[in-house]
Amino acid sequence: MTSDTHPTPMTRIDGGSFRMGSEEFYADETPVHERSVAAFELDVHPVTNEQFAAFVEATGYVTVAERPLDPADFPGVDPADLVPGGLVFTPTSGPVDLREWRQWWRWGAGASWRHPFGPEASLRQAQFGAVDALADRPTHPVVQVSFEDASAYAEWAGKRLPTEAELEFAARGGLDGARFAWGDEEFPDGRLMVNRWQGAFPYRNTGAEGWAGTSPVMTFPANGYGLFDVTGNVWEWTTDFYTARHNPSGLEAVDAERRPNLLAAASAEPGSRIPRRVLKGGSHLCSPDYCLRYRPAARSPQADDSATTHIGFRCARDA
């Protein structure tokens with residue numbers, strides 16, 4: 001991609017009905033059901049570091065990861081330990097129990113979109129991302145952005161964030177029911193179609209097309225709608241509150257005005273008051289032996305205030 005700080009070009013996605021979800025892999029992707037979306041426009045690739053930098057320069061915006069932490073949100077934690085930052089991926093030195101995700105995720109003091117792994121990233125961390133996002137990887141997707149950050153950028157650009165249904169419909173590229181964004185075969189003609197983990201997770205990654213970590217947008221093939229990185233590279237924010245499965249029971253009779261508030265409260269983890277949204281698309285950390293989520297149907301919960309080294313976003317707009 002050539003250097004471009006303007007908002008991402010968009011493509012029109014004609015509305016229609018499709019089979020949303022999957023019965024093949026994870027429970028929260030069930031049940032498969034028919035959904036309809038109206039026509040809309042979607043960014044052809046995720047927002048990049050240089051594009052987000054243009055937004056920050058124009059508005060003076062400070063991301064959630066760069067702001068002081070409120071002790072009220074972290075009861076029992078020493079205020080001296082409440083320093084701004086975000087979650088950073090750190091590969092392990094060898095095989096570990098894959099049920100213990102804290103072995104490869106760390107709190108990175110000072111981590112932000114500018115310095116995704118913190119201003120003093122270790123060599124092992126830096127192999128998986130940029131020490132200085134703008135200097136090292138200007139055309140890679142911006143990361144370490146929370147839901148609020150992504151929403152603020154979208155509003156500045158005259159756009160909005162997509163819904164879960166919109167992003168899944170678009171990611172399928174017209175292939176209703178297909179396993180991947182390009183069809184049912186993972187490696188058509190032996191070709192790697194997506195930036196996902198290559199090797200043994202979470203300690204050895206040989207790199208997707210040479211990229212161990214994020215890759216420049218548009219590195220991998222577009223899907224049937226001309227969209228790049230709709231799976232792999234980075235997870236992407238949607239506006240939907242997370243539920244443990246599609247069509248949660250008990251809310252069918254709730255009126256439209258109360259439903260969003262109930263969904264927001266129900267989406268939070270036990271003991272937390274922070275709502276969680278649906279992420280779509282998977283990321284460069286998805287591995288077949290741990291997280292086979294580089295598929296249109298895949299979804300993952302993330303708290304609104306969270307920022308990590310593998311979450312980005314793209315924008316949508318009503319047609």
[X] side, atom [atom1]; [Y] side, atom [atom2] - distance, nearest 0.5 Å:
X: Trp235; Y: Ser283; atom1: CH2; atom2: OG; answer: 7.0 Å
X: Trp105; Y: Thr90; atom1: CH2; atom2: OG1; answer: 8.5 Å
X: Ile274; Y: Phe147; atom1: CD1; atom2: CZ; answer: 13.0 Å
X: Glu50; Y: Leu134; atom1: CD; atom2: CG; answer: 8.0 Å
X: Leu69; Y: Leu82; atom1: CG; atom2: CG; answer: 5.5 Å
X: Leu167; Y: Leu42; atom1: CG; atom2: CG; answer: 6.0 Å

Which heavy atom of [X] sits nearest a heavy atom of [Y], and at what distance?
X: Leu161; Y: Ala316; value: C-CB, 4.3 Å
X: Ala109; Y: Pro119; value: O-CD, 3.8 Å
X: Asp229; Y: Arg314; value: O-NH2, 3.1 Å
X: Trp113; Y: Asn49; value: CZ3-O, 3.9 Å
X: Asn233; Y: Thr214; value: OD1-CA, 3.3 Å
X: Pro202; Y: Leu98; value: CD-CD2, 3.9 Å

Short side-chain to backbone donor-acceptor contact, [X] and [Y], under 3.5 Å:
X: Gln144; Y: Leu87; value: yes
X: Lys280; Y: Glu168; value: no
X: Tyr26; Y: Leu292; value: yes
X: Glu100; Y: Asp97; value: no
X: His33; Y: Pro31; value: yes
X: Arg12; Y: Phe40; value: no
X: Asp28; Y: Ala244; value: no
X: Trp237; Y: Val145; value: yes
X: Trp182; Y: Glu185; value: yes
X: Thr243; Y: His246; value: no

What I'd like to find out is whether the side chain of [X] reaches to under 4.5 Å of the side chain of [Y], using heavy atoms alone.
X: Arg114; Y: Asp132; result: no
X: Gln198; Y: Leu192; result: yes
X: Arg277; Y: Asp304; result: yes
X: Trp104; Y: Pro91; result: no
X: Arg293; Y: Phe25; result: no
X: Thr239; Y: Val278; result: no
X: Pro84; Y: Glu66; result: no
X: Val143; Y: His310; result: no

Going by atom types only, do [X] and [Y] share a side-chain donor-acceptor pair under 3.5 Å?
X: Asn195; Y: Ser215; result: yes
X: Gln51; Y: Thr48; result: yes
X: Glu269; Y: Ser272; result: no

Could you state whether [X] and [Y] fall into the same hydrophobic cluster, counting links through intermediate Ile, Leu, Val, Met, Phe, Trp or Tyr residues with side-chain heavy atoms under 4.5 angstrom apart?
X: Phe313; Y: Trp156; value: yes
X: Ile13; Y: Met20; value: yes
X: Val142; Y: Leu279; value: yes

(message) With ring-ring contact (aromatic ring centres under 6.0 Å, His included) as the test, pick out the partner of Trp197 among Tyr294, Trp211, Tyr290, Phe89.
(response)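 With Trp197 as partner, ring-ring contact (aromatic ring centres under 6.0 Å, His included) holds for just one option, Phe89.
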(request) Determine, for Glu29 against Arg245, whether the closest basic-nitrogen to carboxylate-oxygen distance falls under 4.0 angstrom. (result)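 The answer is no: the pair does not qualify as a salt bridge.
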(message) I'd like to know if Arg35 and Glu166 make a salt bridge, using a cut-off of under 4.0 Å between side-chain N and carboxylate O.
(response)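 No.
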Quiz: residues 219-226 side-chain donor-acceptor pairs under 3.5 angstrom, not counting sequence neighbours:
residue: Thr219; atom: OG1; partner: Pro216; partner atom: O; Å: 2.5
residue: Asn223; atom: OD1; partner: Tyr225; partner atom: N; Å: 2.9
residue: Asn223; atom: OD1; partner: Gly226; partner atom: N; Å: 3.4
residue: Asn223; atom: OD1; partner: Leu227; partner atom: N; Å: 3.1
residue: Asn223; atom: ND2; partner: Ala170; partner atom: O; Å: 2.9
residue: Asn223; atom: ND2; partner: Ala171; partner atom: O; Å: 3.1
residue: Tyr225; atom: OH; partner: Gly174; partner atom: N; Å: 3.4

(message) Around atom CZ of Arg67, are there more than 12 heavy atoms from other residues, nucleotides or ligands closer than 6.0 Å?
(response)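 Enclosed.
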(request) Determine, for Phe18 and Arg172, whether the Lys NZ or Arg CZ falls below 6.0 Å from the six-membered ring centre while staying within 45 degrees of the axis. (result)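 No; the conditions do not both hold, so Arg172 does not lie above the ring face of Phe18.
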(message) Holding to salt bridge (charged side-chain N to carboxylate O under 4.0 Å, His left out), I want the full list of residues that pass it with Arg179, two or more places apart in sequence or in another chain.
(response)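 Expected list: Glu24.
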(request) Indicate the ring-plane relationship of Tyr153 and Phe52, choosing parallel, tilted or perpendicular according to the 30° and 60° boundaries. (result)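 If you compare the ring of Tyr153 with that of Phe52, the planes turn out parallel.
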(request) Assess whether side-chain contact (heavy atoms from CB on, under 4.5 Å) is satisfied between Thr231 and Phe180, documenting all intermediate values. (result) CA-CA 8 Å; Thr231 57; Phe180 299 105; over 6 Å; no
(request) Go through the steps to decide whether Arg317 and Arg160 satisfy the test side-chain contact (heavy atoms from CB on, under 4.5 Å), and finish with yes or no. (result) CA-CA 6 Å; Arg317 186 166 58 199; Arg160 60 173 173 80; 5.5 Å; no
